[in-house]
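As structure tokens, the structure follows; a few thoughts come after it.
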Amino acid sequence: MLDDKVKRFAIGKISEYYATTAKFAIPSLEKREFGIGNIKKIDARHLCFNSEQEFRGYLVSNTPLFVSHSAAFYERPGATPIDKKGWLGAELIFDLDLHADGKYGVYAILDKVREDAINLVEKFLVDDFGVDRKNIIIVFSGNRGYHIHVRDPDYFDLGIEERREIADYINGTGLNYRNFFEEIEIPGRKLTKKVGPKPSDHGYRGRFARAVIEKLEKEPKTISTVFSNDEKRTKFVDGIINGDWNKTSIADIIERLEPIAKELPVHSIDTDVGVTQDVSKLIRVPNSIHGETGLIAKIVDDITTFKPLDDAIAFDISGKKTITITFTEDVPKLDFGKTSYPEFKKDEKKELPEALAMFFMLKGSAIIS
Amino acid sequence: MELADFCVKYPFSKKAKELLDSENIQLSEEIVSKGLSRIKNALAGDTSRSSAFHKSDKVEEVASYAAARMILGYMKNRYLTNRFAVAEAKRANHYLSKEDSAIMNEVAAEFGIVSENESDGKLLVPIPTFVKFAPKSIDYKLINRNVHDGKVELIYREKIRLTEEAVKKRVEQIPLVKNASESIKKAAEDLKKDLPKLEPMRTITFKEGDNPPCIEKLLEQVKKHENLNHQARWSLAVYLVGKGMGIEKVVSLYSNLPDFNEKITRYQLEHIKKRGYTVPGCSTMLTYGLCCAECRIGNPLNWKSKEERMNWHKEREKNA
């Protein structure tokens, strides 16, 4: 539970953010259900607003720590229970996050989630699913991951089972790369020939062939020391380009490639497959504040350069406004607002820039001195 | 093709509805009784072709489809509706397989299944269309398909299969009929008489938590008369037989399936028992798309019920 004084202070600051800086862009806002939370991420749902102005007004005066809206559009978003709302369709939403040890462990591996987000958008949504980039909104979750909103109307009316199919495709459920290969008999001889995917193939097949070639060129030894030999490696690679996987003497070559196949899907959506499937799910409002960090659940313009702990900061980080806090537990070193901070110890008192002080307090690691 | 012929083959189509409207057909007692036979034939697994010859017979046959839907809409019995839908969809598939591609494409387009031709004879359909109408089978899992630029590659025969699924889905959507005519009510009574024979006894003696989540889910689907794909049926059957359930009981359970065929089911089960097939392991279940939890037990048969787990702990404490 958040310390009362911290909570009151945070609510005041967040309210100010909603009154002044927050930029919302919620398509079909009036058709969405909203949910708010203070103790949990969602304590109350079935809220609805007629305009952005009304929504903003609510946030300024009622200021919850978390605010979410539905991926779905409804005729009557405020109606209860859910089946009375009149479901009209829903965006596809993918929730990517990673878990790590301790409260702060995850901030060291945020780049890994970012890589997955790029992979998901570029390889899956754009290449395979043909979604126009302008219909893909990448949002930093405000804590340790990304939410990808797919606003392509072609996908709006899919049901739960159908969304599951799509999630399965992306996280690789049921992927068996051995099915890419066929044993073909060579006429007149007692031999068979392995015919497999080509780098020019679409979807997983092509991706697999390309990944194998890349591995052969960059880290050949991880497959077999045989491939340190340039001639043998080139011969094998040239075969793969034509879908001929026989140009090597390694008998169990296909088995050895399993680790490469395992790397193809986007694994970090595993734990949240539910979000993609659940057509009545609520998702954090883009550009709202995440009440556990004080960071903005920010709409990302350029994912390749985005650094959450530098770019999603809502409050003053310049040092013009500072807060003196007392740590209630040890916290590790942290890069925040383009500055490296050392570790802090329990009971240590420290004057810190407002945004960072808020971050530690909302994480439950410090209180106002 | 004559309009009436088209409508006889595809009574779920817009054209068929228009035909009935234009001919101003009333659901006479005779037509209702034909509707009733249509349902009974579906239950018997009979999906044979029409033998109507005269135009009036053809129109009546189209009307019998509408009458059958009225009866089902009045009865609100999911089992009957699902079996009817499966039979109608299979019949449509038989017709479509013999049809000119132009007609097949016309029927498919009714459901929004529109494809582009690729140079090598392959067809491309948009992913949303594909996932909406793909049968629940491992071959149709998106992950096993060639996917590119929002399209899924398929062959002509598979497009027909997608259309069959679309027909099934449409036929399943039957609006409730509240104010039914006397003849509809009578037909419903007639069908109800058959129901105890049709609707099987559910003699499963499992308690909650006796089986792993994947198996629980399959059992639940069977009880709801959902149409399981081959891998699902097979895995569940091998599991149940492996757990020592008698063949009669499994047959009785499987009679819940909308396209249940007693002879084939019994034959397969005896085969499983005789050959002693092993239950597919968790990784295979995952490939089949049947795994729905991470139990880490390696094989569904390794699942321990709550009671078994308690006993195991007690044993261990005793020995410790």
Side-chain angles (χ1 to χ4, degrees), chain A residues 89-90 92 123-133 135-136 150 152-180 197-198 200-209 258 261-262 264-266 270-271 273-274 276-277, chain B residues 111-112 114 116 118 120 122 124-154 162 165-166 169 172-173 214 217 221 224 226-229 231-232 235 280-294:
Chain A
L92 270 183
K123 293 188 179 153
F124 288 91
L125 297 178
V126 174
D127 286 356
D128 290 355
F129 288 77
V131 181
D132 194 327
R133 276 195 191 78
N135 286 326
I136 302 171
V150 178
D152 181 339
D154 287 350
Y155 288 90
F156 284 177
D157 71 336
L158 296 185
I160 293 171
E161 285 293 321
E162 295 138 29
R163 282 165 202 261
R164 183 189 162 87
E165 245 339 275
I166 288 178
D168 281 356
Y169 182 85
I170 294 170
N171 72 21
T173 302
L175 177 67
N176 187 347
Y177 79 104
R178 289 178 187 84
N179 294 343
F180 298 161
K198 294 195 274 277
S200 58
D201 282 350
H202 297 320
Y204 273 108
R205 290 176 62 94
R207 209 166 286 149
F208 175 73
E258 186 166 5
K262 284 200 166 151
L264 299 176
V266 180
D270 267 13
T271 45
V273 170
T276 319
Q277 284 175 51
Chain B
F111 302 98
V114 181
E116 292 164 32
E118 268 200 315
D120 55 357
K122 295 261 174 64
L124 295 175
V125 298
I127 294 175
T129 312
F130 181 84
V131 293
K132 256 181 245 170
F133 301 122
K136 286 179 190 158
S137 141
I138 187 161
D139 297 330
Y140 285 86
K141 262 196 94 58
L142 195 57
I143 202 155
N144 294 324
R145 310 295 306 201
N146 239 340
V147 172
H148 179 61
D149 205 18
K151 309 267 174 22
V152 182
E153 215 175 81
L154 40 80
L162 245 55
E165 204 62 24
K169 283 194 168 176
E172 273 170 359
Q173 299 298 320
C214 53
K217 193 173 162 195
Q221 285 171 330
K224 283 194 200 149
E226 284 176 22
N227 209 7
L228 301 190
N229 69 34
Q231 282 92 359
S235 309
C282 292
S283 56
T284 311
M285 292 295 274
L286 189 70
T287 332
Y288 288 168
L290 300 175
C291 173
C292 55
E294 279 184 65

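What you are looking at is a predicted structure, and each value in this text was computed from that prediction instead of being measured. Labels below follow one simple rule: chain letters A, B, ... track the order of the sequence lines, proteins then strands, and each chain is numbered from 1.
- Applying the salt bridge (charged side-chain N to carboxylate O under 4.0 Å, His left out) test to B/K169 and every residue at least two apart in sequence or in another chain returns A/E162.
- Residue contact with chain B, scored on non-hydrogen atoms closer than 4.5 Å, involves the side chain of A/Y204 exclusively.
- Closest non-hydrogen pair, B/K132 versus A/D157, comes out as NZ-OD2, 3.1 Å.
- Contacts of A/L175 with chain B are made by both backbone and side-chain atoms, with heavy-atom separations under 4.5 Å.
- A/L158 has its side chain within reach of B/P128: a pair of non-hydrogen atoms, C-beta onward, lies under 4.5 Å apart.
- Looking at A/D127, the atoms closer than 4.5 Å to chain B (heavy atoms on both sides) all sit in the backbone: N, CA, C or O.
- Side-chain N or O atoms of A/E165 include one that pairs as donor or acceptor with a backbone N or O of B/L142 at under 3.5 Å.
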B/V147/A/H202 under side chain to side chain contact (heavy atoms under 4.5 Å, CB included): CA gap, chis, key distance, verdict: CA-CA 6 Å; B/V147 172; A/H202 297 320; over 6 Å; no
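- Residues forming a side chain to side chain donor-acceptor pair (under 3.5 Å) with B/N227 (at least two apart in sequence, or on another chain): B/R233.
- When all heavy atoms are compared, the tightest approach of B/I143 to A/T173 is CD1-O, 3.7 Å.
- With respect to chain A, the highest number of heavy-atom pairs below 4.5 Å among B/V152, B/I127, B/N144 belongs to B/I127.
- Going from atom CZ of B/F130 over to atom CD1 of A/I166 covers 11.0 Å, rounded to the nearest 0.5 Å.
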